[in-house]
Amino acid sequence: MAAPKRGQSASAQSKPGRSLALILIAIVALTGGMFLSGNTTPRLGIDLAGGTSITLKAKADQGSAINKANMDTAVDIMNRRVNGLGVSEAEVQTQGTDNIIVNIPKGTNSKEAQAQVGTTAKLYFRPVLASEPSVPAGKSPSPSASPSGSSSPKPSTSPSSSASARQKASSSSTASPKASATSQGRAVTDALKAGSTPSPSASASGSPTPKASPSASSGAAADAAKLQAQYATLDCSNPAERAKVGGASKPGEPTIACGEIRKVWYKYVLGPAAIDGTEVKNAAARFDTQGASGWQVVMNFTSSGSKKFADVTGALAQKQQPQNEFGIVLDGEVVSSPYVNQAITGGQAEISGSFTQQEAQSLANMLSYGALPLSFQEQSVTTVTAALGGEQLHAGLLAGAIGLALVVLYLVVYYRGLSLVAMASLLVSAILTYVIMSLLGPAIHFALNLPAVCGAIVAIGITADSFIVYFERIRDEIREGRSLRPAVERAWPRARRTILVSDFVSFLAAAVLFIVTVGKVQGFAFTLGLTTVLDVVVVFFFTKPLMTLLARRKFFAGGHKWSGLDPKGLGAKPPLRRTRRPAGPAAGSVDPKEA
């Protein structure tokens, strides 16, 4: 009888060139993509290439205590902030009891990450009492740069159900800067005296329901006059003046602040905080495909925050510009000041207003990760050199080279001609690993650090194990008396099963390690998992087809003593021969006595 799988085995054996062509095409395509993208080397981590190190010191203000729980929460939020910018391999860790160290690798957007990590104060939503472009003292703002409408409109806030959001138009600016400043000054003074926190009970003019005592009224008038004087002389285009405002204000008191909108600095008078940033559940940037709003920021509030936001927006919607705006204040700086045209209910709102994708994502990141349990002061920003990391990398690569040389020496001594197959497979695996790591740098911000290099070195042993398993299966078949070509095909199913089980265990360990660890250990786990997957690809699409081709060559098929497949040297049994059983006599002619 013919073997049932003989045709299938012969078909697989007759087309090894197809598998070799596939892996060759994959290598050429990946290498071409690497050169076309310009990323011809893997992106290095901060321990190898250097980067930016930021030291932040916690401050016990606003009733928050500096303890381990609050510090751990701050580290977690800062980590998410940096990751929200697409920065990978960043390190955020505590040092001592009140310091946090943030290490940002070179090659990432370290300036933006530094700006967002440095803005560590709490996030507040404050009603806007007045706003206008900030100019140096003695100069008048140009009519084209009015607070209510510049060349690019300021953002608006609308319920998520609306198809498009109304924007501020430049025609809504006042007739003259002088008249605008005067009328705005009166409105600010009146609002400050009245107590400007919006509430459902407040009237459109902002007058409160309860009456204040004469002493309280005189104190409020004095504070309002002082704040108005500071606002009149404030120049937000001056960095030194910007640093003096906003940061020390208490949530329950009005304040002045600065904010940059469309590359123009505005100054604001803001009322007491109406909503805390902790009331924002999450925020995300999205593109409005239905309307003409472009990029938007969608906010979702908590249950308590939804009610507060509905009350605040309902009160603001009854007011005139700019007092129908609310300022989103982070670390004393207004990051956005959208206006409201109706009460927003349902716990979800959209902020729109000619955002670019980067602006929308940055604002969403601040809204999502803006609230910290502590405030922090930036102590130092230093550049980390990679001298030590370079020495360690050199030592690690030297150790890897020595280990690889020992593996190759062992293969040559023990497997002789078969070592050529193993070395070619190791070379293909190394090329694929290098090219994929280079492409993953810009794709997913993968950074090669020292533990990742260790993972790549460990992978040499895993890959060599797969070759050894297959070679030993082939030699076992030759010891049984089979010739090389059938031995290669019969050994493959058994070796394949062993290789898959072994690689699955290695990949599972790498996956668990990647999930449960943080920081640099993840680099080790990721590299180990990647090289394990590539080992399966190389063995199936390169090593096995190459062995099928070499089995047809006389040097290997004839069992040359330097081929590593010499039957005599392996102690092979005599060749297996099929013998035909002698045909017996016909059933009807059997002698009864013989039977």
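Here the structure is a predicted model, which means the values were calculated and not measured.
Side-chain contact check for T463 versus V538: every heavy-atom pair is 4.5 Å or farther apart. Under the 4.5 Å side-chain criterion, counting only non-hydrogen atoms from C-beta, R496 is not in contact with I499. Counting heavy atoms from C-beta on, the side chains of R473 and T498 come closer than 4.5 Å. A heavy-atom distance below 4.5 Å is found between the side chains of T40 and F35. At a threshold of 4.5 Å between non-hydrogen side-chain atoms, the residues R416 and H560 do not count as touching. Residues L528 and I462 are in side-chain contact: their nearest non-hydrogen atoms beyond the backbone lie under 4.5 Å apart. For the pair M71/T97, no side-chain contact is recorded, criterion being any heavy-atom separation below 4.5 Å from C-beta on. L426 is listed as a side-chain neighbour of F467, based on a closest heavy-atom distance under 4.5 Å.
Counting all heavy atoms, side chain and backbone alike, L565 lies closest to R475 at CD2-CG, 4.0 Å. Counting all heavy atoms, side chain and backbone alike, G529 lies closest to A510 at N-CB, 3.7 Å. Nearest heavy-atom pair across F542 and S425 is CD2-OG, 3.5 Å. Contact record, I460 with G400: CD1-O, 4.4 Å, taken as the closest heavy-atom pair. Taking each heavy atom of A557 and A551 in turn, the nearest pair found is CB-O, 3.3 Å. Shortest non-hydrogen contact noted between G455 and T527 is C-CG2, 4.0 Å.
Checking S506 against T532 by side-chain atom types alone, no donor-acceptor pair falls below 3.5 Å.
Here D503 contributes atom CG and D535 contributes atom CG; the two are 4.5 Å apart, rounded to the nearest 0.5 Å. Once rounded to the nearest 0.5 Å, the distance linking OG of S303 with NZ of K281 reads 7.5 Å. In this structure, the separation between CG on N99 and CD on Q377 is 11.0 Å, given to the nearest 0.5 Å. Between M437 atom CE and T41 atom OG1 the span is 13.0 Å, to the nearest 0.5 Å. Rounded to the nearest 0.5 angstrom, F556 CZ and L549 CG are separated by 11.5 Å. Taken from CG in L546 to CG in L550, the straight-line distance is 4.5 Å, to the nearest 0.5 Å.
Taking the six-membered ring where the residue is Trp, F526 and F514 present tilted rings, their angle falling between 30° and 60°.
Here the side chain of R43 pairs no donor or acceptor atom with the backbone of P442 at under 3.5 angstrom. Checking side-chain atoms of N449 against main-chain N and O of A452 turns up a donor-acceptor pair under 3.5 Å. In this structure, the side chain of E477 does not engage the main chain of A487 through any donor-acceptor pair within 3.5 Å. A distance-only check finds a donor-acceptor pair linking the side chain of T433 to the backbone of S429 [under 3.5 Å].
Every side-chain contact (heavy atoms from CB on, under 4.5 Å) that F504 has, sequence neighbours left out, goes to L508.
Shown are I101, I100, V102; of these, the side chain to side chain contact (heavy atoms under 4.5 Å, CB included) with V75 is made only by I100. I436 pairs with exactly one of V533, L530, I431 by the side chain to side chain contact (heavy atoms under 4.5 Å, CB included) rule, that one being L530.
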Discussion item. Run the side-chain contact (heavy atoms from CB on, under 4.5 Å) test on Y124 and D276 for me, step by step, so that the C-alpha distance in whole Å, both residues' side-chain angles and the decisive distance to 0.1 Å come before the verdict.
Written reply: CA-CA 5 Å; Y124 295 107; D276 193 287; 3.3 Å; yes

Practice prompt. Check the pair N39 / L439 against side-chain contact (heavy atoms from CB on, under 4.5 Å), numbers first and verdict last.
Written response: CA-CA 7 Å; N39 301 286; L439 292 174; 5.8 Å; no

Worksheet item: Between W295 and D288, is a side-chain contact (heavy atoms from CB on, under 4.5 Å) present by the stated rule, with each step listed?
Response: CA-CA 6 Å; W295 282 98; D288 181 17; over 6 Å; no

Practice prompt. Go through K59 and K57 one step at a time and tell me if the side-chain contact (heavy atoms from CB on, under 4.5 Å) criterion holds.
Written response: CA-CA 7 Å; K59 297 189 298 182; K57 184 178 180 63; 5.8 Å; no

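Ion pair K544/E489 flagged as a salt bridge, since at least one NZ, NE, NH1 or NH2 atom sits closer than 4.0 Å to an Asp/Glu carboxylate oxygen. No salt bridge links E480 with R490; every basic N to acidic carboxylate O contact stays at or beyond 4.0 Å.
Atom CZ of F541 has 12 or fewer neighbouring heavy atoms from other residues, nucleotides or ligands inside a 6.0 Å radius.
Screening residues 470-497 for ring pair (Phe, Tyr, Trp, His ring centres under 6.0 Å) gives Y415-F471, Y470-W492, W492-F540 as the qualifying pairs, with residues at least two apart or on separate chains.
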